[in-house]
**Student:** 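One structure, pasted below without further comment.
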Amino acid sequence: MENKILHQPAEFKSNQEVRWCPGCGDHAVLNALHKAMSELGIPKEKFVVISGIGCSSRTPYYMNTYAFHTIHGRAAAISTGVKIANQDLTVFTVTGDGDALAIGGNHFIHFIRRNLNLNMVLLNNRIYGLTKGQYSPTSEEGKITKTSPYGTIEHPFNPGELVLGAQGKFFARSMDTNIKLQTEIMVEAAQFVGASVIEILQNCVIFNDGAYKNINDKETREDHQIILHHGEKMIFGKNRDKGLVLDGFKLKVVTIGQDGYTMDDILTHDAHCQEPFIHMMLINMAYPDYPTAFGIIRAVKGDSYGVKMDQQTAEIMAKSKIKCMDDVLNSGDTWEVK
Amino acid sequence: MLPKISEKLIIKIMAEKKYQNVDLEDVVIRFSGDSGDGMQLTGTLFSETSALVGNDFVTFPDFPAEIRAPQGTVGGVSGFQVHIGHQPVYTPGDYCDVLIAMNPAALKANRRWAKKGAIIIINSDEFTEKNLQRAGYKTLNPIEEDKLEDYNIIFAPINELTKEALKDSDLDQKSILRSKNMFALGICYWMFDRPMEHTIERFEKKFAKVPAVAKANIETLKAGYNYAENIGAFKSTFEVAPSEQQPGKYRSINGNTATAWGLAAAAERAHIQLFCGSYPITPATDILIELTKLRSLGIKALQVEDEIAGICTAIGASFAGSLGVTSTSGPGLALKAEASGLAVITELPLVIIDVQRGGPSTGLPTKTEQADLLQALYGRNGESPMVVLAATTPSDCFYYAFQAAKIALEHMTPVILLTDGFIGNGSEPFRIPKMEDLPEIHPHYADPNDTNYQPYRRDPKTFARYWAKPGIKGLEHRIGGLEKMAITGSVSYVPENHAIMVEERAEKVRRVVEDIPDQEILGDQTGDILMVGWGSTRGHLLTALKTLRKEGKKVGMAQFSYINPLPKNTEDVFKRFKKVIVFEVNTGQFVSYLRSQFGHLDFLQYDKVQGLPFTAIEIVEFVNKMMEE
């Protein structure tokens, strides 16, 4: 469905000077967000951008919408309050791997479980950038950082896995450099009724440069990335000849035309499938055995908190005899003193 | 090995020591039993019925943190004290005239609250060897062991009599015994000449779907009443005649319900949506519970994942144009500290309710204390002044919650309202206000047609910034936790600007003083001693004040509800007296705050930290002692 464009992307830019490092992946994400807002055709004043703390959380200052730069880890909770107070608003929650998955971990899982109609953009650079280079909950095991001089000894989160574990209905992933894909996903996420999480693999040029080099190197990335579209075959590669098949309980990479595999054997992506198992396997595919999955991996219908709340409120209002505070104050046992 | 005794202790009434028939103006009754014995309900029903016959009352529920501590142990005793009078009463009473002890542990735990010579009604069926041991009695004669010979003890075999009364009931034995609290209530109704109709109606309504349960409660209540009449030893000793109350329509209310309703009333008078984000915590949970019941008014009250989410959802709702509130107790206030600072710097309206309890840490969850005052005033990083109010009685929680919301909305500031377990759970008659008599509230909205909206432009009079709700075209703006440039609200690290903003935020809070009443002095307007309290100590101080003035002392009293800012005339109030004594249920937090504000004045202090409210007696004694010094 084409939306009527009310504002050009440039109209969503604030007059503030953008202060991210040159070459930071955040610039691209900001551009994608401006574009997505334009494409959504929603009046500018109906958008709210909420963030926590971290490099990516500076986003609100660069928006010409209503926006709120909050405190570390709490963007999900504050967004929840905004949306429940006024469901007419389209809310984007911009957060990072430390903000959402470490200090804000509790709000993150309940944001997903509650399934309010909110859109989270999670910029995952696998490092703490704003505090200058400490490991994050998504840093790979063994990573040497300022707070892990001998290498980390903890196992990282995969955000998508966490989303599915918390009964997530919408999960998508994009590289920071792929503005087209990000824009597409953001538009879909905003139109999806329920909580959506968009993970952006984002390169920190200063403290974790090359974190995604394996999968995003210009020369080889087509062989290491698979961009999924609902209803389309799961194929990838420079020559579009590689695909995914189900081999027992596992996914397997095959080459079409080799070992007897034909296009018919290749899985067709079903983002709408309620069963999360294939989605989970897609989310967990990792270099070097598998391509990394991008696009909308999961988008399934579910009851949204906001919709249910409105229904419940309407029913209660219709049924209840209590219509105003005078009714409340005079309800139950009372007595007169003359 | 204790000597073996017959199954039950003596069932006879010790009628020989008749209670002196004095014309009491007021009576204090304390119901106590195992935490599963229904003492809170029994006390509540007695209070409500007393109110219906026109008595004034104040209640004090005193219960353990454990929901069902081991049966029969002192740790599991739940008490409910009610003070009724035909003159206004201000406290739940220091000591009781009648103590109901449903088991040995209840006697053990509560006998210290019984006045000398008080009537003690004992459920003798529970005074078995095993139960006496469990309660920590060393002998089989608790009367002798506790030196209760001078008390009027009534041994009533309540279990047996309850079973007898319900012998035709279809209920099982366990369910039958669950009604035994009604037997005790029946005894009290007879003693104090209370009508049973109201309570009977209540059971009929409440258990309409399970008539057997309604019947069991009603029959047992009547049985208790008849039993008291039959043993006839103590009728007509008390006649608590109706009190002289201001005419009007009344209801019983506890502080937590009053707080919830005050917030809801403010939202209605401000024509704004109320949003409450909270997390269950003793003793504040009832505020959330009461607000969740009001959805038909469009109030959104949510139980969220933690304390921090409680305040953060409320801040989000305020940003979106609702009145955001969050309710909690001390440990929760600590968790909310960082986010409350965000509300300070973003200058959004927000009401934080702290129903204080004994601390530190988990402390005494079900016991009262006033020890969060300094946390409320200063418990945030940076220079982050906040308006702090304190309610003084269960029913005035309504007005201070209303006032907290009004200040937050009109001055664009977070406000902390302090109550505590004592007034939060305590109840008293509440003269029902008419909504139209409450003041209108005018939230400090931005002009929707403003073509040059600046988020940190201030009202020259109050210094409040203007509130622009998302959804209004042309007022799009950004706010956040980073220091703001004056007027424009852009991020600013300019040194001079930070100094200006710190001062403007402080000045905004100071200017709230223009909207608050002068501090009232009760009793003598000048004199020897001014008793100063804040929050929930009002009743005890007032009772002490009356006693002291009857004794001819030149004493006044100032009970503070506006803590930050303090009323304009505060210094003048202190200067009218030779000595100023600050009474508080902590180790001197308000007095240290006053000393920091009025360094040139002398303050004496009287503190208590036992998880209990003051007694009026100890206040009188201390004032008298200070008179002499």
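Chain letters run A, B, ... following the sequence lines, proteins first and then strands; every chain starts at 1. On a predicted model such as this, the values are computed, not experimentally measured, just so you know.
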**Student:** Assign the ring pair A/Tyr66 / B/Phe319 to parallel, tilted or perpendicular, where the plane angle (0 to 90°) is split at 30° and 60°.
**Tutor:** perpendicular
**Student:** Looking only at heavy atoms and a cut-off of under 4.5 Å, which of A/Ile316, A/Thr65, A/Thr80, A/Asn86 has the most pairs with chain B?
**Tutor:** A/Thr65
**Student:** Counting distance only, does the side-chain N/O of B/Arg251 pair as donor-acceptor with the main-chain N or O of A/Gly332 below 3.5 Å?
**Tutor:** no
**Student:** Under a 4.5 Å cutoff for heavy-atom pairs, which residue among B/Lys434, B/Glu338, B/Gln273, B/Arg269 has the most contacts with chain A?
**Tutor:** B/Glu338
**Student:** Check whether any side-chain N or O of B/Glu268 sits under 3.5 Å from a backbone N or O of A/Met325 as a donor-acceptor pair, and report yes or no.
**Tutor:** yes
**Student:** Among A/Val48, A/Asn106, A/Thr70, who wins on heavy-atom pairs under 4.5 Å with chain B?
**Tutor:** A/Asn106
**Student:** Between B/Thr313 and A/Ala77 (side chain of the first, backbone of the second, donor and acceptor by atom type, cut-off under 3.5 Å), is there such a pair?
**Tutor:** no
**Student:** Below 4.5 Å, heavy-atom pairs only: which of A/Arg114, A/Gln16, A/Lys321 has the largest tally toward chain B?
**Tutor:** A/Arg114
**Student:** Can you tell me which portion of A/Asn330 sits under 4.5 Å from chain B's heavy atoms? Options are side chain, backbone, both or neither.
**Tutor:** both
**Student:** Is it true that B/Arg295 and A/Thr313 share a donor-acceptor pair across their side chains at a distance under 3.5 Å?
**Tutor:** yes
**Student:** At a heavy-atom separation under 4.5 Å, does A/Leu89 approach chain B through its side chain, its backbone, both, or neither?
**Tutor:** side chain
**Student:** Where on A/Ser57 is there a heavy atom nearer than 4.5 Å to chain B: the side chain, the backbone, both, or neither?
**Tutor:** neither
**Student:** Please flag which part of A/Lys44 lies under 4.5 Å from any non-hydrogen atom of chain B: side chain, backbone, both or neither.
**Tutor:** both
**Student:** Using 30° and 60° as the class limits, which term best fits the ring planes of B/Tyr250 and A/Trp335: parallel, tilted or perpendicular?
**Tutor:** parallel
